[in-house]
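Encoded as C-alpha cells, the structure appears first; notes follow it.
All values reported here derive from a predicted model rather than from experimental measurement.
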Amino acid sequence: MIVGVVALVLAVVAGCGEKKYEAVPINEEVDVCAICKMQIKDDAYATQLTTKDGKNYKFDDIGCMNEWKTQNGTDNIGMDFVRDYNDKEWIEFSAATYVYDASIRTPMAYGIVSFKDKKSAEAFIAEQGVGQLMSADDLAKHTWTQNTDGMNMGGMEHNHSAEGGMEHGQNAGDGMGHSPDAEGGMENGHGAQGHTET
C-alpha cells in the first residue's frame with residue numbers, strides 16, 4: 001500500500017514538472033522555412049515545431065515539416081503545431097483534422113490544409129467539392145507527393161478583393177498566382193470564398 005502511494009506521489013510530481021510548449025509568432029521579415037528556405041508568410045499554411053532542447057523550427061508548408069521529421073526523426077520533438085485554415089489559431093499537430101487534395105494549392109504544393117475540428121474540415125470539403133478527410137495518424141501513412149503544377153514558389157501574397165475573395169499572387173512573379181473571379185472566389189476553385197485574415 002505504501003509503495004503504491006509513493007508511486008502515485010512520484011507520478012504527480014513528474015507530471016507537474018513537464019515542460020509546456022507553446023507556438024511562437026511568425027515574423028515574416030526574418031522567418032524562413034527550415035527545409036525549403038522560402039519566406040514564411042503569417043498565414044494558415046505555416047507550421048512549426050519545438051524540440052525538447054528548446055530549438056524552434058518553422059515551415060511554410062506542412063509538407064516541409066514532414067520532411068524535417070523524415071530527416072531528423074520525431075523522438076526529440078517536444079511539440080509540433082499547425083494552424084486552423086479559417087482563423088489561423090495554432091493547434092497541436094496530433095489534435096488537428098486535415099483535408100488533402102492534390103489540387104489544393106499550398107506554398108510547396110503538398111495540398112494539405114488543417115482545421116481545429118472535423119466539422120470545419122467537412123465544411124471546407126463541402127464548399128470546395130474536393131478533399132479527403134485525414135487525421136494525424138492518416139498523415140503518417142500519407143505519400144507526401146508534391147503537385148508541382150500548383151507549387152507557389154516564393155510564398156503567397158494575400159490580397160483581399162473588393163468582393164471579399166482572396167488573391168494569391170506570386171512573389172517571384174512566375175505567373176502561377178490565382179486571381180479572383182467575378183464572384184470573389186478563386187479561379188481554381190480551391191480557395192475559401194469570402195475568407196478573411198485576422
Side-chain angles (χ1 to χ4, degrees), residues 23 26 33-36 38 40-49 57-74 77 79-153 155-156 158 165-168 170 176-181 183-197:
I26 299 295
C33 179
I35 291 296
C36 70
M38 303 298 282
I40 301 175
K41 304 296 281 184
D42 188 19
D43 60 17
Y45 306 103
T47 66
Q48 63 178 281
L49 63 83
Y57 297 90
K58 298 175 184 177
F59 312 90
D60 63 343
D61 190 302
I62 190 174
C64 288
M65 184 165 72
N66 179 74
E67 180 61 25
W68 188 96
K69 292 176 182 179
T70 300
Q71 294 178 11
N72 298 277
T74 58
I77 295 177
M79 186 60 66
D80 42 2
F81 298 93
V82 296
R83 278 181 138 172
D84 178 72
Y85 182 82
N86 294 316
D87 64 14
K88 297 195 301 183
E89 177 184 336
W90 289 108
I91 322 157
E92 292 183 14
F93 172 82
S94 60
T97 301
Y98 301 89
V99 174
Y100 166 73
D101 191 84
S103 65
I104 297 173
R105 294 204 178 191
T106 64
M108 294 306 292
Y110 285 96
I112 296 173
V113 289
S114 47
F115 298 86
K116 57 188 168 187
D117 54 53
K118 185 177 179 181
K119 182 179 179 181
S120 299
E122 289 174 336
F124 176 87
I125 293 172
E127 179 184 353
Q128 304 303 325
V130 296
Q132 173 187 350
L133 206 63
M134 302 183 80
S135 66
D137 289 339
D138 294 329
L139 291 183
K141 300 170 278 190
H142 185 61
T143 56
W144 294 97
T145 55
Q146 290 173 285
N147 176 9
T148 53
D149 289 339
M151 186 174 292
N152 286 298
M153 298 301 292
M156 299 171 67
H158 295 256
M166 186 177 290
E167 178 179 352
H168 290 223
Q170 295 299 317
M176 292 191 299
H178 304 201
S179 58
D181 60 22
E183 300 299 320
M186 292 168 60
E187 286 181 346
N188 70 347
H190 302 300
Q193 294 186 10
H195 177 65
T196 57
E197 304 286 359

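Between atom CD1 of residue Ile91 and atom CG of residue Asp84 there is a gap of 4.5 Å, rounded to the nearest 0.5 Å. Note that NZ of Lys118 is 8.0 Å distant from OG1 of Thr97, once rounded to the nearest 0.5 Å. The OH atom of Tyr98 sits 9.0 Å away from the CD1 atom of Ile112 when rounded to the nearest 0.5 Å. Put simply, CD on Glu67 and CE on Met108 are 10.5 Å apart, with the number rounded to the nearest 0.5 Å. Distance CD1/Ile35 to CG/Asp61: 11.5 Å, rounded to 0.5 Å.
When all heavy atoms of Tyr57 and Phe59 are compared, the closest pair comes out as O-CE1, 3.4 Å. The heavy-atom pair separating Asn86 from Ser120 by the smallest distance is ND2-CB, 3.9 Å. Between Arg105 and Tyr45, the closest heavy-atom pair is O-OH, 3.6 Å. Residues Ala46 and Trp90 share a closest heavy-atom pair of O-CZ3, 3.6 Å.
Lys58 forms no cation-pi arrangement with Phe81, by the criterion of a distance under 6.0 Å to the ring centre and an angle within 45° of the ring axis.
Without hydrogens or angle criteria, Thr106 side chain to Gly111 main chain gives a donor-acceptor distance under 3.5 Å. Side chain of Asp80 to main chain of Leu49: no donor-acceptor pair is present (N/O by atom type, distance under 3.5 Å, no hydrogens or angles). The backbone N or O of Asp101 lies less than 3.5 Å from no partner atom in the side chain of Gln132, so there is not a single donor-acceptor pair. Checked by atom type and distance alone, the side chain of Trp144 pairs as donor or acceptor with a backbone atom of Leu139 at under 3.5 Å. Proximity of a side-chain donor or acceptor of Asp60 to a complementary backbone N or O of Met38 within less than 3.5 Å is not detected.
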For this session: Could you walk me through whether Val82 and Gln48 pass the side chain to side chain contact (heavy atoms under 4.5 Å, CB included) test, one step at a time?
Result: CA-CA 7 Å; Val82 296; Gln48 63 178 281; over 6 Å; no
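Between Phe124 and Tyr85, the ring center distance clears the sub-6.0 Å criterion.
At a cut-off of 3.5 Å, with distance as the only test, no side-chain donor of Asp137 or Ser135 sits close to an acceptor on the other residue.
Proximity of Tyr110 to Asn66: side-chain heavy atoms (C-beta onward) are nowhere separated by under 4.5 Å. Taking 4.5 Å as the limit, some side-chain heavy atom of Trp68 sits within range of a side-chain heavy atom of Ile77. With contacts defined as side-chain heavy-atom distances shorter than 4.5 Å, the pair Ser103/Val130 qualifies. A 4.5 Å side-chain heavy-atom check between Asn72 and Lys69 finds every atom pair outside the cut-off. By the 4.5 Å heavy-atom criterion applied to side chains, Leu133 and Ile125 are counted as neighbours.
Ion pairing of Lys116 with Glu89 is present here, as a side-chain N (NZ or NE/NH1/NH2) and a carboxylate O approach within less than 4.0 Å. A salt bridge links Arg83 with Asp42: at least one charged nitrogen is closer than 4.0 Å to a carboxylate oxygen.
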